[in-house]
Enquirer: 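Supplied in C-alpha coordinates, the structure appears directly below.
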Amino acid sequence: MPKILLSVCVIVLASCDFQWGIGYNQGYSPEQPIPFDHSLHVGKNQIQCQYCHNQVDRSPHSNIPALSTCMNCHNIVKTESPHIKKITEAYNKGESIAWVKVHMLPDHVKFNHSAHIAKGVNCQTCHGEIEKMTQVAQFSDLSMGWCVNCHRQPENKAPINCSTCHH
Ligand code: HEC
Ligand code: HEC
Ligand code: HEC
Ligand code: HEC
Ligand code: HEC
(Lines give C-alpha, C1' and ligand atoms only; values in the text may rest on other atoms or scores of the structure.)
(Ligands and ions follow the chains in the order given, each with its own letter.)
Protein backbone atom coordinates (compact mmCIF):
# COMPACT_ATOMS: atom_id res chain seq x y z
CA MET A 1 0.00 0.00 0.00
CA PRO A 2 1.34 3.50 -0.77
CA LYS A 3 2.74 5.17 2.31
CA ILE A 4 0.46 8.19 2.03
CA LEU A 5 -2.69 6.03 2.01
CA LEU A 6 -1.45 4.07 5.00
CA SER A 7 -0.95 7.19 7.05
CA VAL A 8 -4.39 8.47 6.07
CA CYS A 9 -5.80 5.17 7.35
CA VAL A 10 -3.91 5.57 10.59
CA ILE A 11 -5.18 9.10 11.07
CA VAL A 12 -8.75 8.11 10.23
CA LEU A 13 -8.55 5.11 12.54
CA ALA A 14 -7.14 7.22 15.34
CA SER A 15 -9.95 9.73 15.04
CA CYS A 16 -12.55 6.98 14.72
CA ASP A 17 -11.15 5.38 17.84
CA PHE A 18 -11.51 8.72 19.55
CA GLN A 19 -15.15 8.91 18.43
CA TRP A 20 -15.88 5.34 19.41
CA GLY A 21 -14.17 5.87 22.72
CA ILE A 22 -16.83 8.35 23.74
CA GLY A 23 -20.32 7.60 24.88
CA TYR A 24 -19.27 4.33 26.44
CA ASN A 25 -21.28 3.27 29.42
CA GLN A 26 -23.95 5.96 29.10
CA GLY A 27 -27.07 4.41 30.64
CA TYR A 28 -25.01 1.81 32.51
CA SER A 29 -27.03 0.66 35.51
CA PRO A 30 -25.62 -2.37 37.30
CA GLU A 31 -27.69 -4.29 39.83
CA GLN A 32 -26.48 -3.64 43.39
CA PRO A 33 -25.95 -6.23 46.17
CA ILE A 34 -28.69 -4.43 48.15
CA PRO A 35 -31.36 -2.71 46.04
CA PHE A 36 -30.65 0.78 47.38
CA ASP A 37 -33.36 3.12 46.06
CA HIS A 38 -32.47 6.82 45.63
CA SER A 39 -36.07 7.71 44.72
CA LEU A 40 -37.26 6.33 48.07
CA HIS A 41 -34.56 8.04 50.14
CA VAL A 42 -34.06 11.33 48.27
CA GLY A 43 -37.37 11.73 46.44
CA LYS A 44 -39.89 10.42 48.95
CA ASN A 45 -38.03 10.91 52.25
CA GLN A 46 -36.20 14.13 51.27
CA ILE A 47 -32.77 13.08 52.52
CA GLN A 48 -30.12 15.47 51.15
CA CYS A 49 -27.41 14.06 48.87
CA GLN A 50 -24.73 15.35 51.23
CA TYR A 51 -26.20 13.57 54.24
CA CYS A 52 -24.79 10.41 52.67
CA HIS A 53 -22.20 11.66 50.16
CA ASN A 54 -20.69 13.95 52.78
CA GLN A 55 -17.18 14.23 51.31
CA VAL A 56 -18.33 15.54 47.93
CA ASP A 57 -17.67 19.21 48.67
CA ARG A 58 -14.30 18.54 50.31
CA SER A 59 -12.66 15.93 48.18
CA PRO A 60 -12.03 14.93 44.55
CA HIS A 61 -14.04 11.77 45.18
CA SER A 62 -17.59 11.55 46.36
CA ASN A 63 -17.73 8.87 49.01
CA ILE A 64 -20.29 6.10 49.16
CA PRO A 65 -21.65 6.25 52.72
CA ALA A 66 -20.44 3.81 55.36
CA LEU A 67 -23.01 1.45 56.84
CA SER A 68 -22.93 3.46 60.06
CA THR A 69 -24.75 6.22 58.10
CA CYS A 70 -27.47 3.74 57.08
CA MET A 71 -27.75 2.54 60.66
CA ASN A 72 -28.53 6.07 61.90
CA CYS A 73 -32.02 5.29 60.60
CA HIS A 74 -32.15 1.57 60.02
CA ASN A 75 -31.45 0.62 63.63
CA ILE A 76 -35.15 1.53 63.97
CA VAL A 77 -36.57 1.94 60.42
CA LYS A 78 -37.88 -1.17 58.61
CA THR A 79 -35.79 -3.57 60.72
CA GLU A 80 -37.97 -6.53 59.67
CA SER A 81 -36.89 -6.16 55.98
CA PRO A 82 -34.49 -8.91 54.79
CA HIS A 83 -32.37 -6.21 53.10
CA ILE A 84 -32.08 -4.22 56.31
CA LYS A 85 -31.26 -7.44 58.20
CA LYS A 86 -28.40 -8.03 55.77
CA ILE A 87 -27.12 -4.47 56.32
CA THR A 88 -27.40 -4.79 60.11
CA GLU A 89 -25.57 -8.12 60.09
CA ALA A 90 -22.72 -6.74 57.96
CA TYR A 91 -22.52 -3.64 60.17
CA ASN A 92 -22.36 -5.70 63.37
CA LYS A 93 -19.55 -7.81 61.92
CA GLY A 94 -17.64 -4.69 60.84
CA GLU A 95 -18.04 -5.66 57.17
CA SER A 96 -19.11 -3.47 54.27
CA ILE A 97 -21.38 -3.94 51.26
CA ALA A 98 -19.62 -4.42 47.91
CA TRP A 99 -21.47 -1.70 45.97
CA VAL A 100 -20.86 -1.96 42.23
CA LYS A 101 -19.25 1.18 40.82
CA VAL A 102 -21.42 2.91 38.20
CA HIS A 103 -19.25 5.82 36.99
CA MET A 104 -15.70 5.17 35.92
CA LEU A 105 -13.34 7.54 34.13
CA PRO A 106 -10.17 6.10 32.59
CA ASP A 107 -7.07 6.25 34.83
CA HIS A 108 -5.43 8.99 32.75
CA VAL A 109 -8.23 11.44 33.63
CA LYS A 110 -8.46 13.39 36.86
CA PHE A 111 -11.80 14.68 38.03
CA ASN A 112 -12.49 16.77 41.08
CA HIS A 113 -15.93 16.96 42.70
CA SER A 114 -15.18 19.70 45.21
CA ALA A 115 -14.00 22.14 42.48
CA HIS A 116 -17.39 21.78 40.77
CA ILE A 117 -19.51 21.89 43.92
CA ALA A 118 -17.64 25.06 45.01
CA LYS A 119 -18.73 26.74 41.75
CA GLY A 120 -22.34 25.71 42.30
CA VAL A 121 -22.61 23.03 39.58
CA ASN A 122 -25.56 20.83 40.64
CA CYS A 123 -25.26 17.08 41.05
CA GLN A 124 -28.14 16.74 38.59
CA THR A 125 -26.32 18.62 35.80
CA CYS A 126 -23.89 15.72 35.58
CA HIS A 127 -25.81 12.81 37.16
CA GLY A 128 -29.38 13.50 36.02
CA GLU A 129 -32.43 13.15 38.23
CA ILE A 130 -30.93 10.76 40.77
CA GLU A 131 -33.84 11.57 43.10
CA LYS A 132 -36.14 9.70 40.68
CA MET A 133 -33.90 6.67 40.10
CA THR A 134 -34.75 3.38 41.77
CA GLN A 135 -31.39 2.07 40.51
CA VAL A 136 -28.59 4.51 39.63
CA ALA A 137 -27.81 4.80 35.91
CA GLN A 138 -25.00 6.76 34.26
CA PHE A 139 -26.67 9.86 32.81
CA SER A 140 -23.82 11.70 31.02
CA ASP A 141 -21.45 10.07 28.54
CA LEU A 142 -18.39 11.29 30.53
CA SER A 143 -16.58 11.94 27.25
CA MET A 144 -13.83 14.51 26.86
CA GLY A 145 -16.17 16.53 24.63
CA TRP A 146 -18.74 16.67 27.40
CA CYS A 147 -16.20 18.00 29.91
CA VAL A 148 -14.58 20.46 27.52
CA ASN A 149 -17.85 21.87 26.15
CA CYS A 150 -18.89 22.90 29.60
CA HIS A 151 -15.44 24.23 30.55
CA ARG A 152 -15.48 26.36 27.38
CA GLN A 153 -18.64 28.25 28.37
CA PRO A 154 -17.33 31.77 29.07
CA GLU A 155 -19.37 32.14 32.27
CA ASN A 156 -17.70 29.04 33.76
CA LYS A 157 -14.14 30.43 33.50
CA ALA A 158 -12.95 26.82 33.76
CA PRO A 159 -9.49 25.82 32.50
CA ILE A 160 -9.19 23.78 29.27
CA ASN A 161 -5.47 23.04 29.16
CA CYS A 162 -4.71 19.32 28.90
CA SER A 163 -3.07 19.06 32.32
CA THR A 164 -6.27 20.25 34.03
CA CYS A 165 -7.84 16.87 33.35
CA HIS A 166 -4.91 14.60 32.49
CA HIS A 167 -2.12 13.20 34.63
C1 HEC B 1 -29.37 7.59 52.18
C2 HEC B 1 -28.08 7.69 51.53
C3 HEC B 1 -27.95 8.33 50.16
C4 HEC B 1 -28.47 9.53 49.72
C5 HEC B 1 -29.34 10.51 50.47
C6 HEC B 1 -28.00 9.72 48.37
N7 HEC B 1 -27.22 8.65 48.01
FE8 HEC B 1 -26.26 8.42 46.24
N9 HEC B 1 -25.65 6.55 46.80
C10 HEC B 1 -25.89 5.96 48.03
C11 HEC B 1 -25.40 4.60 48.01
C12 HEC B 1 -25.49 3.60 49.16
C13 HEC B 1 -24.85 4.38 46.73
C14 HEC B 1 -24.20 3.08 46.21
C15 HEC B 1 -25.26 2.14 45.68
C16 HEC B 1 -25.86 2.60 44.39
O17 HEC B 1 -25.13 2.87 43.41
O18 HEC B 1 -27.12 2.70 44.33
C19 HEC B 1 -25.03 5.62 45.99
C20 HEC B 1 -24.61 5.83 44.69
C21 HEC B 1 -24.67 7.06 44.02
C22 HEC B 1 -24.10 7.32 42.72
C23 HEC B 1 -23.37 6.32 41.85
C24 HEC B 1 -21.95 6.12 42.34
C25 HEC B 1 -21.12 5.29 41.40
O26 HEC B 1 -20.90 4.11 41.71
O27 HEC B 1 -20.71 5.80 40.35
C28 HEC B 1 -24.35 8.63 42.42
C29 HEC B 1 -23.93 9.38 41.18
C30 HEC B 1 -25.10 9.17 43.52
N31 HEC B 1 -25.27 8.20 44.48
C32 HEC B 1 -25.56 10.46 43.58
C33 HEC B 1 -26.45 10.94 44.53
C34 HEC B 1 -27.12 12.20 44.45
C35 HEC B 1 -26.92 13.21 43.33
C36 HEC B 1 -27.93 12.29 45.55
C37 HEC B 1 -28.93 13.39 45.87
C38 HEC B 1 -29.84 13.77 44.79
C39 HEC B 1 -27.72 11.09 46.34
N40 HEC B 1 -26.85 10.28 45.67
C41 HEC B 1 -28.29 10.82 47.58
C42 HEC B 1 -26.49 6.58 49.11
C43 HEC B 1 -27.17 7.79 49.07
C1 HEC C 1 -32.35 9.41 57.20
C2 HEC C 1 -32.89 8.06 57.31
C3 HEC C 1 -32.35 6.95 56.39
C4 HEC C 1 -31.04 6.67 56.10
C5 HEC C 1 -29.79 7.40 56.53
C6 HEC C 1 -31.07 5.48 55.26
N7 HEC C 1 -32.34 5.07 55.06
FE8 HEC C 1 -32.93 3.43 54.01
N9 HEC C 1 -34.87 3.90 54.35
C10 HEC C 1 -35.32 4.97 55.08
C11 HEC C 1 -36.76 5.01 55.03
C12 HEC C 1 -37.66 6.04 55.72
C13 HEC C 1 -37.17 3.91 54.24
C14 HEC C 1 -38.59 3.51 53.87
C15 HEC C 1 -39.15 2.62 54.94
C16 HEC C 1 -40.56 2.17 54.64
O17 HEC C 1 -40.81 1.81 53.48
O18 HEC C 1 -41.35 2.19 55.54
C19 HEC C 1 -35.95 3.22 53.85
C20 HEC C 1 -35.93 2.05 53.12
C21 HEC C 1 -34.79 1.35 52.76
C22 HEC C 1 -34.75 0.08 52.08
C23 HEC C 1 -35.97 -0.72 51.63
C24 HEC C 1 -36.28 -1.76 52.67
C25 HEC C 1 -37.42 -2.66 52.25
O26 HEC C 1 -37.21 -3.87 52.23
O27 HEC C 1 -38.48 -2.11 51.91
C28 HEC C 1 -33.45 -0.27 51.90
C29 HEC C 1 -32.90 -1.51 51.22
C30 HEC C 1 -32.65 0.80 52.47
N31 HEC C 1 -33.49 1.75 53.02
C32 HEC C 1 -31.27 0.82 52.49
C33 HEC C 1 -30.51 1.84 53.02
C34 HEC C 1 -29.07 1.91 52.95
C35 HEC C 1 -28.18 0.88 52.28
C36 HEC C 1 -28.70 3.05 53.58
C37 HEC C 1 -27.30 3.59 53.74
C38 HEC C 1 -26.55 3.80 52.52
C39 HEC C 1 -29.90 3.70 54.03
N40 HEC C 1 -30.98 2.95 53.67
C41 HEC C 1 -29.92 4.89 54.75
C42 HEC C 1 -34.54 5.87 55.78
C43 HEC C 1 -33.17 5.94 55.74
C1 HEC D 1 -19.31 18.33 36.80
C2 HEC D 1 -19.97 17.05 36.86
C3 HEC D 1 -20.31 16.42 38.17
C4 HEC D 1 -20.97 17.00 39.24
C5 HEC D 1 -21.48 18.42 39.38
C6 HEC D 1 -21.12 15.95 40.23
N7 HEC D 1 -20.55 14.80 39.79
FE8 HEC D 1 -20.47 13.02 40.77
N9 HEC D 1 -19.29 12.23 39.29
C10 HEC D 1 -18.91 12.90 38.14
C11 HEC D 1 -17.96 12.10 37.42
C12 HEC D 1 -17.27 12.50 36.12
C13 HEC D 1 -17.76 10.92 38.17
C14 HEC D 1 -16.80 9.76 37.87
C15 HEC D 1 -15.49 10.07 38.57
C16 HEC D 1 -14.39 9.03 38.37
O17 HEC D 1 -14.61 7.98 37.79
O18 HEC D 1 -13.27 9.32 38.84
C19 HEC D 1 -18.63 11.02 39.34
C20 HEC D 1 -18.74 10.07 40.34
C21 HEC D 1 -19.59 10.18 41.45
C22 HEC D 1 -19.72 9.17 42.49
C23 HEC D 1 -18.95 7.87 42.56
C24 HEC D 1 -17.71 8.05 43.42
C25 HEC D 1 -16.61 8.81 42.74
O26 HEC D 1 -16.24 9.91 43.23
O27 HEC D 1 -16.12 8.34 41.71
C28 HEC D 1 -20.65 9.65 43.39
C29 HEC D 1 -21.15 8.95 44.64
C30 HEC D 1 -21.07 10.96 42.93
N31 HEC D 1 -20.39 11.25 41.75
C32 HEC D 1 -21.96 11.77 43.59
C33 HEC D 1 -22.17 13.12 43.31
C34 HEC D 1 -22.96 14.03 44.13
C35 HEC D 1 -23.71 13.64 45.39
C36 HEC D 1 -22.90 15.25 43.53
C37 HEC D 1 -23.50 16.58 44.01
C38 HEC D 1 -23.27 16.97 45.40
C39 HEC D 1 -22.07 15.11 42.33
N40 HEC D 1 -21.65 13.81 42.24
C41 HEC D 1 -21.77 16.13 41.45
C42 HEC D 1 -19.37 14.13 37.73
C43 HEC D 1 -20.04 15.03 38.53
C1 HEC E 1 -21.53 21.38 33.63
C2 HEC E 1 -20.22 21.96 33.51
C3 HEC E 1 -18.99 21.13 33.72
C4 HEC E 1 -18.76 19.82 33.34
C5 HEC E 1 -19.70 18.90 32.60
C6 HEC E 1 -17.42 19.51 33.75
N7 HEC E 1 -16.85 20.57 34.39
FE8 HEC E 1 -15.00 20.61 35.27
N9 HEC E 1 -15.34 22.49 35.95
C10 HEC E 1 -16.49 23.23 35.71
C11 HEC E 1 -16.41 24.48 36.46
C12 HEC E 1 -17.45 25.59 36.48
C13 HEC E 1 -15.17 24.44 37.15
C14 HEC E 1 -14.61 25.47 38.15
C15 HEC E 1 -13.63 26.38 37.51
C16 HEC E 1 -13.02 27.28 38.57
O17 HEC E 1 -12.72 26.80 39.68
O18 HEC E 1 -12.86 28.46 38.28
C19 HEC E 1 -14.54 23.17 36.82
C20 HEC E 1 -13.29 22.76 37.32
C21 HEC E 1 -12.69 21.56 37.03
C22 HEC E 1 -11.42 21.13 37.56
C23 HEC E 1 -10.54 21.92 38.55
C24 HEC E 1 -9.69 22.85 37.77
C25 HEC E 1 -8.75 23.60 38.67
O26 HEC E 1 -7.55 23.55 38.38
O27 HEC E 1 -9.19 24.20 39.64
C28 HEC E 1 -11.14 19.91 37.01
C29 HEC E 1 -9.91 19.04 37.23
C30 HEC E 1 -12.25 19.57 36.14
N31 HEC E 1 -13.16 20.60 36.19
C32 HEC E 1 -12.33 18.41 35.41
C33 HEC E 1 -13.47 18.02 34.70
C34 HEC E 1 -13.58 16.76 34.00
C35 HEC E 1 -12.50 15.72 33.86
C36 HEC E 1 -14.86 16.72 33.50
C37 HEC E 1 -15.51 15.63 32.73
C38 HEC E 1 -15.39 14.25 33.23
C39 HEC E 1 -15.51 17.97 33.86
N40 HEC E 1 -14.64 18.72 34.58
C41 HEC E 1 -16.81 18.28 33.53
C42 HEC E 1 -17.56 22.86 34.95
C43 HEC E 1 -17.77 21.60 34.39
C1 HEC F 1 -12.06 19.26 30.89
C2 HEC F 1 -11.36 18.00 30.90
C3 HEC F 1 -10.43 17.61 29.78
C4 HEC F 1 -9.50 18.41 29.14
C5 HEC F 1 -9.25 19.89 29.34
C6 HEC F 1 -8.81 17.56 28.22
N7 HEC F 1 -9.27 16.27 28.30
FE8 HEC F 1 -8.63 14.68 27.19
N9 HEC F 1 -10.05 13.49 28.06
C10 HEC F 1 -10.92 13.89 29.03
C11 HEC F 1 -11.77 12.76 29.39
C12 HEC F 1 -12.88 12.76 30.43
C13 HEC F 1 -11.35 11.66 28.59
C14 HEC F 1 -11.90 10.22 28.64
C15 HEC F 1 -13.16 10.09 27.85
C16 HEC F 1 -12.91 10.05 26.39
O17 HEC F 1 -12.08 9.27 25.94
O18 HEC F 1 -13.57 10.84 25.69
C19 HEC F 1 -10.27 12.15 27.76
C20 HEC F 1 -9.60 11.38 26.83
C21 HEC F 1 -8.50 11.80 26.11
C22 HEC F 1 -7.72 10.96 25.22
C23 HEC F 1 -7.97 9.49 24.96
C24 HEC F 1 -8.98 9.30 23.87
C25 HEC F 1 -9.30 7.83 23.65
O26 HEC F 1 -9.94 7.54 22.65
O27 HEC F 1 -8.97 7.00 24.50
C28 HEC F 1 -6.72 11.72 24.71
C29 HEC F 1 -5.64 11.28 23.73
C30 HEC F 1 -6.88 13.07 25.26
N31 HEC F 1 -7.96 13.06 26.11
C32 HEC F 1 -6.05 14.13 24.99
C33 HEC F 1 -6.24 15.43 25.46
C34 HEC F 1 -5.42 16.58 25.06
C35 HEC F 1 -4.24 16.51 24.09
C36 HEC F 1 -5.93 17.67 25.72
C37 HEC F 1 -5.48 19.11 25.62
C38 HEC F 1 -5.57 19.70 24.29
C39 HEC F 1 -7.03 17.20 26.54
N40 HEC F 1 -7.18 15.84 26.35
C41 HEC F 1 -7.77 18.01 27.37
C42 HEC F 1 -11.00 15.14 29.59
C43 HEC F 1 -10.28 16.25 29.24
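All figures in this text were calculated on a predicted structure; none of them were measured in a lab. These values consider heavy atoms only, across backbone and side chains, with no hydrogens, waters or symmetry-generated copies. Whatever order the structure lists them in is the order used to number ligands and atoms, beginning at 1.
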Enquirer: Go through ligand 2 atom by atom and flag the ones less than 4.0 Å from a non-hydrogen atom of T69.
Expert: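 Checking each atom against T69, I get 5 (C).
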Enquirer: So K85 and T79, do their side chains get closer than 4.5 Å, heavy atoms only?
Expert: no
Enquirer: Provide, to 0.1 Å, the distance between atom 37 (C) of ligand 1 and the closest protein heavy atom, together with that atom's residue and name.
Expert: C49 SG, 1.8 Å
Enquirer: Report the part of H127 in contact with ligand 1, treating N, CA, C, O as backbone and CB onward as side chain, heavy atoms under 4.0 Å; options are side chain, backbone, both, neither.
Expert: side chain
Enquirer: Give yes or no for whether the N/O distance cutoff of 3.5 Å, strictly under, is met between V102 and ligand 1.
Expert: yes
Enquirer: Given side chains that start at C-beta, do those of I117 and S114 come closer than 4.5 Å, heavy atoms only?
Expert: no
Enquirer: Any idea which part of H53 is under 4.0 Å from ligand 1, heavy-atom wise: side chain, backbone, both or neither?
Expert: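 Side chain only.
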Enquirer: Is the backbone of P65 close enough, under 3.5 Å, to the side chain of T69 for a donor and an acceptor to pair up by distance?
Expert: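 Looks like no, no N/O pair under 3.5 Å.
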Enquirer: Are the side chains of Y51 and C49 in contact, using a 4.5 Å heavy-atom criterion?
Expert: no
Enquirer: Can you tell me if F36 has a non-hydrogen atom under 4.0 Å from ligand 1?
Expert: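 Yes; F36 lies near enough to ligand 1 that a heavy-atom distance drops under 4.0 Å.
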Enquirer: Considering non-hydrogen atoms only, spot the tightest contact between Q46 and G43 and give its length.
Expert: NE2-O, 2.9 Å
Enquirer: Work out whether the distance between some heavy atom of N72 and some atom of ligand 2 is less than 4.0 Å.
Expert: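 In this structure, N72 fails to qualify as a contact of ligand 2 - no heavy atom is under 4.0 Å.
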Enquirer: In terms of side-chain heavy atoms, does Y91 have a donor or acceptor partner in N75 at a distance below 3.5 Å?
Expert: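 No, N75 and Y91 have no side-chain donor paired with an acceptor closer than 3.5 Å.
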Enquirer: Report yes or no: does H113 contribute a side-chain atom to a donor-acceptor pair with the main-chain N or O of P60 at less than 3.5 Å?
Expert: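 It does hold such a pair.
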Enquirer: Taking the minimum heavy-atom distance to atom 12 (C) of ligand 1, which of F139, W99, Y28, Y51 ranks first?
Expert: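 The option holding the nearest heavy atom is W99.
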Enquirer: Number the atoms of ligand 5 from 1 as they appear, then name those within less than 4.0 Å of a heavy atom of S143, with their elements.
Expert: 15 (C), 18 (O)
Enquirer: Which heavy atom of the protein is the closest neighbour of atom 17 (O) of ligand 1, given with residue, atom name and distance?
Expert: Q32 NE2, 3.3 Å
Enquirer: If we only consider heavy atoms of Q124, is any one of them less than 4.0 Å away from an atom in ligand 1?
Expert: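 Q124 counts as a contact of ligand 1 under the 4.0 Å cut-off.
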Enquirer: Using only atom types and a distance under 3.5 Å, with no angle test, would you say the side chain of D141 pairs donor to acceptor with the backbone of W146?
Expert: no
Enquirer: Quick one: does any side-chain atom of K78 pair with a main-chain N or O of C73 as donor and acceptor, under 3.5 Å?
Expert: no
Enquirer: Determine, using heavy atoms of N161 and all atoms of ligand 5, whether some pair is separated by less than 4.0 Å.
Expert: yes
Enquirer: Under 3.5 Å, is there a donor-acceptor pair between the Q50 and Q55 side chains?
Expert: no
Enquirer: Atoms of ligand 2 less than 4.0 Å from P65 heavy atoms?
Expert: 38 (C)
Enquirer: State, without any angle test, whether T164 and N161 hold a side-chain donor-acceptor pair at a distance under 3.5 Å.
Expert: yes
Enquirer: Return yes or no for this condition: an N or O of V148 is under 3.5 Å from an N or O of ligand 5.
Expert: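 There is no such contact.
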Enquirer: Who gets closest to atom 9 (N) of ligand 5 by heavy atom: R152, H151, H166?
Expert: H166
Enquirer: Using a 4.0 Å cutoff against the non-hydrogen atoms of V136, which atoms of ligand 1 qualify?
Expert: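 By the 4.0 Å cutoff, the relevant atoms are 17 (O), 18 (O), 23 (C).
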Enquirer: In the structure I gave you, are the side-chain heavy atoms of H38 and E131 within less than 4.5 Å of one another anywhere?
Expert: no
Enquirer: Which part of L67 is near ligand 2, with near meaning a heavy atom under 4.0 Å away: side chain, backbone, both or neither?
Expert: neither
Enquirer: Near C165, which atoms of ligand 5 are under 4.0 Å from a heavy atom of that residue?
Expert: 1 (C), 2 (C), 3 (C), 4 (C), 5 (C), 42 (C), 43 (C)
Enquirer: Could you tell me whether the side chain of N45 and the main chain of I47 form a donor-acceptor pair under 3.5 Å?
Expert: no
Enquirer: What are the atoms of ligand 5, with element, lying closer than 4.0 Å to any heavy atom of C147?
Expert: 1 (C), 2 (C), 12 (C)
Enquirer: What about H103: any of its N or O atoms under 3.5 Å from an N or O on ligand 1?
Expert: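 Yes - when backbone and side-chain N and O of H103 are compared with those of ligand 1, one distance drops under 3.5 Å.
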Enquirer: Provide the number and element of each atom of ligand 2 under 4.0 Å from a heavy atom of H83.
Expert: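 Under 4.0 Å from H83, ligand 2 has these atoms: 26 (O), 29 (C).
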Enquirer: Please list the nearest protein heavy atom to atom 5 (C) of ligand 1 with its residue and the distance rounded to 0.1 Å.
Expert: Q48 O, 3.4 Å
Enquirer: Do side-chain atoms of K101 reach the backbone of H103 as a donor and acceptor pair under 3.5 angstrom?
Expert: yes
Enquirer: So is C52 in contact with ligand 2, going by heavy-atom distances below 4.0 Å?
Expert: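 Checking ligand 2 against C52, which is what was asked, there is no heavy-atom contact under 4.0 Å.
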Enquirer: Would you confirm whether Q32, through its side chain, and V100, through its main-chain N or O, come within 3.5 Å as a donor-acceptor pair?
Expert: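 Side chain of Q32 to backbone of V100, a donor-acceptor pair under 3.5 Å: yes, one is there.
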Enquirer: Which ligand 2 atoms, with their elements, are less than 4.0 angstrom from a heavy-atom of K78?
Expert: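 Matching atoms, with element in brackets: 15 (C), 16 (C), 17 (O), 18 (O), 24 (C), 25 (C), 27 (O).
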Enquirer: Please write down residue, atom name and distance for the protein heavy atom closest to atom 19 (C) of ligand 2.
Expert: H74 CE1, 3.4 Å
Enquirer: Would you mind reporting whether I34 and W99 have side-chain heavy atoms less than 4.5 Å apart?
Expert: yes
Enquirer: How about H41 and F36: are their ring centroids closer than 6.0 Å?
Expert: yes
Enquirer: Side chain, backbone, both or neither: which part of T164 has a heavy atom under 4.0 Å from ligand 5?
Expert: neither
Enquirer: Return the closest protein heavy atom for atom 14 (C) of ligand 2 as residue, atom name and distance.
Expert: L40 CD2, 4.0 Å
Enquirer: Whether the side chain of S140 engages the backbone of L142 through a donor-acceptor N/O pair (distance < 3.5 Å, no angle test) should be reported.
Expert: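 Not confirmed, S140 side chain does not pair with L142 backbone.
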Enquirer: With a heavy-atom distance limit of 4.0 Å, tell me whether H38 approaches ligand 1 through its side chain, its backbone, both, or neither.
Expert: side chain
Enquirer: Which of the atoms in ligand 1, numbered in the order shown and given with their element, are less than 4.0 Å from a heavy-atom of I47?
Expert: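 Once the distances to I47 are compared, the set is 5 (C).
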Enquirer: Counting heavy atoms only, name the option from P35, C73, C123 that's nearest to atom 35 (C) of ligand 1.
Expert: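 Result: the heavy atom closest to atom 35 (C) of ligand 1 is in C123.
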Enquirer: Distance-only, no hydrogens or angles: does the N156 side chain make a donor-acceptor pair with backbone N or O of C150 under 3.5 Å?
Expert: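 Here the side-chain-to-backbone pair exists.
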Enquirer: Using a 4.0 Å heavy-atom threshold (strictly under), name the region of P106 that reaches ligand 5: side chain, backbone, both or neither.
Expert: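 Looking at P106 and ligand 5, just side chain atoms fall under 4.0 Å.
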Enquirer: Where's the contact between C70 and ligand 1, heavy-atom distance under 4.0 Å: side chain, backbone, both or neither?
Expert: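 Neither; nothing of C70 gets under 4.0 Å from ligand 1.
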Enquirer: What protein heavy atom sits nearest atom 22 (C) of ligand 2, and how far away is it?
Expert: I84 CD1, 4.0 Å
Enquirer: Could you list the atoms of ligand 5 found under 4.0 angstrom from a heavy atom of L142?
Expert: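 So the atoms of ligand 5 that pass are 12 (C), 15 (C).
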Enquirer: More than 12 heavy atoms of other residues, nucleotides or ligands under 6.0 Å from NZ of K44: is that the case?
Expert: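 Result for NZ/K44: open.
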Enquirer: Does S62 reach the main-chain N or O of H53 with its side chain, forming a donor-acceptor pair under 3.5 Å?
Expert: no
Enquirer: Does the pair H108 and H166 meet the rule for a ring-ring contact (aromatic ring centres under 6.0 Å, His included), with working shown?
Expert: CA-CA 6 Å; H108 58 84; H166 291 288; 5.3 Å; yes
Enquirer: Measure from atom 41 (C) of ligand 1 to every heavy atom in V42, D37, I64 and give the option owning the shortest one.
Expert: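 The option holding the nearest heavy atom is V42.
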Enquirer: How far is atom 28 (C) of ligand 1 from its nearest protein heavy atom, and which residue and atom name does that atom have?
Expert: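 Looking only at protein heavy atoms, the one closest to atom 28 (C) of ligand 1 is I130 CD1, 4.1 Å.
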Enquirer: Going by the atom numbers of ligand 2, which of them fall below 4.0 Å from some non-hydrogen atom of N45?
Expert: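 Taking each heavy atom of N45 in turn, ligand 2 has 11 (C), 12 (C) under 4.0 Å.
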Enquirer: Enumerate the atoms of ligand 5 whose separation from the nearest heavy atom of I160 is less than 4.0 angstrom.
Expert: 5 (C)
Enquirer: Atom 25 (C) of ligand 2: which protein heavy atom is closest, and how many Å away?
Expert: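 Scanning the protein heavy atoms, the shortest distance from atom 25 (C) of ligand 2 goes to S81 OG, 3.5 Å.
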Enquirer: Do any N/O atoms on H41 end up under 3.5 angstrom from N/O atoms on ligand 2?
Expert: yes
Enquirer: Below 4.0 Å from any atom of ligand 1, is there a heavy atom belonging to Q50?
Expert: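 False for this residue.
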